[in-house]
There are 2 protein chains.
Amino acid sequence: MSVGLTPEQALRLWHDVNLTMVRDDKPDLSARQVTLLLTVYLQAPPHTVRGLAAKLGVSKPVITRALDAMGKLDLVNRRRDANDRRNVLVQRTVTGSLYVEYLADMISERAGGLPK
Amino acid sequence: MSVGLTPEQALRLWHDVNLTMVRDDKPDLSARQVTLLLTVYLQAPPHTVRGLAAKLGVSKPVITRALDAMGKLDLVNRRRDANDRRNVLVQRTVTGSLYVEYLADMISERAGGLPK
DNA sequence: CGAGTTCGTTACGGAACCGTACTAGTTTAG
DNA sequence: CTAAACTAGTACGGTTCCGTAACGAACTCG
């Protein structure tokens, strides 16, 4: 499966996907929240607040607040690390998995419709 | 040029591009602003506030405020319609063109990383 | 032990954005 | 010429997010 995208196709794809997310009145996650969500779902655990902050290049409170918001939506889950009780481990949820899957299919569909 | 993307590849691409935008301390545009910008640069003029609001499925004040913010960054320009002075036409700028071009190349590069 | 370090969270003042409702200017219809 | 329709912008109250600085809890190690 080839993945080449011309800059013009890339732009069209980016526009279409963003438009879909804007029109879906859905939760409407910010760029930071989406990045955080996908990091958790694409990379191997464990995920700590500090580690995520470093990976995204943002401060810790940003991660804490993002976890608050996304936890309220049941997209991720917090849990204390039993080995080192200072740490908080971020875990996946069923709702989050479904959302990520929906996102993947939606982008994939938009990309498939691109070539003339 | 084939444009097929598996859901997994689409997800990885979406994550990588978002991560790049989060780390670039840049202007940090919202999803709505990006969609508005790309609509102006991808679709044929003229672009009015009302028309853009309808296309994005949002209210007029959202467009007005987005134009305020992006005009301050010199990404788009406002101009009164000479024929119907009630209308405001949204125009492209050099700075905006450069930003869109940068965005297109960045996404295209991320997409090109996998296949070869 | 106890001082120091590391972790996540909270406090706080400020900035950005939202939706509804209203305003001011322009055009159109009767 | 006036009243209605239509445009974009503004006002307002409320919510959310930000960055810096502090905080309490948990671990480390001399």
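The chains referred to below are lettered A, B, ... by the order of the sequence lines, with proteins before strands, and numbering in each begins at 1. Model, not experiment: these values are computed from the prediction.
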Rounded off to whole Å, could you give me the [atom1]-to-[atom2] distance for the [X] and [N] pair?
X	N	atom1	atom2	value
A/Leu52	C/dC7	CG	P	13 Å
A/Leu29	C/dC18	CG	P	15 Å
B/Ile63	C/dC18	CD1	C1'	13 Å
B/Asp81	D/dC6	CG	C1'	14 Å
B/Leu89	D/dA8	CG	P	9 Å
B/Leu56	C/dC18	CG	P	11 Å
A/Leu73	D/dT16	CG	C1'	13 Å
B/Met70	C/dC17	CE	C1'	15 Å

With a non-hydrogen cut-off below 4.0 angstrom, is B/Ser30 in contact with a base, only sugar-phosphate, or nothing? nothing

Would you classify A/Arg65 as touching base, sugar-phosphate or nothing, given that sugar-phosphate means primed atoms plus P, OP1 and OP2, and contacts are heavy atoms under 4.0 Å? base

Pairing donors with acceptors under 3.5 angstrom, does anything connect the side chains of A/Thr39 and B/His15? yes

Any chance the side chains of B/Arg92 and B/Ser97 put a donor and an acceptor closer than 3.5 Å? no

Closest to the [X] side chain, choosing from [options]:
X	options	result
B/Ser59	D/dA21, C/dG19, C/dG25	C/dG19
A/Thr64	C/dC17, C/dG19, C/dG8	C/dG8
A/Val62	C/dC18, D/dC18, C/dG8	D/dC18
B/Arg32	C/dC18, D/dA5, D/dA8	C/dC18
A/Lys60	C/dT5, C/dT9, D/dC17	C/dT9
A/Val88	D/dA8, C/dT9, C/dC7	C/dT9
B/Asn87	C/dC17, C/dC18, D/dT7	D/dT7
B/Val49	D/dA26, C/dC18, D/dA8	D/dA8

Hey, what do you get for CZ (B/Arg50) to NZ (B/Lys55), rounding to the nearest 0.5 Å? 14.0 Å

Rounded to the nearest 0.5 Å, the CG atom of A/Leu11 sits from the CD1 atom of B/Ile107 at a distance of 6.0 Å

Could you walk me through whether A/Tyr99 and A/Leu29 pass side-chain contact (heavy atoms from CB on, under 4.5 Å), step by step? CA-CA 11 Å; A/Tyr99 181 83; A/Leu29 303 179; 3.9 Å; yes

Heavy-atom nearest nucleotide on DNA chain D for B/Asp84 versus A/Arg80: which residue maps closer to 5'? B/Asp84

5'-most contact on DNA chain D (nearest-nucleotide basis), A/Ala66 vs B/Arg50, goes to B/Arg50

Working note: A/Asp68 + A/Arg78, criterion salt bridge (charged side-chain N to carboxylate O under 4.0 Å, His left out); need CA distance, chi angles, decisive distance, verdict. CA-CA 9 Å; A/Asp68 288 343; A/Arg78 264 188 269 222; 2.2 Å; yes

B/Gln33 vs C/dC17: side-chain N/O to OP1/OP2 distance below 4.0 Å: yes

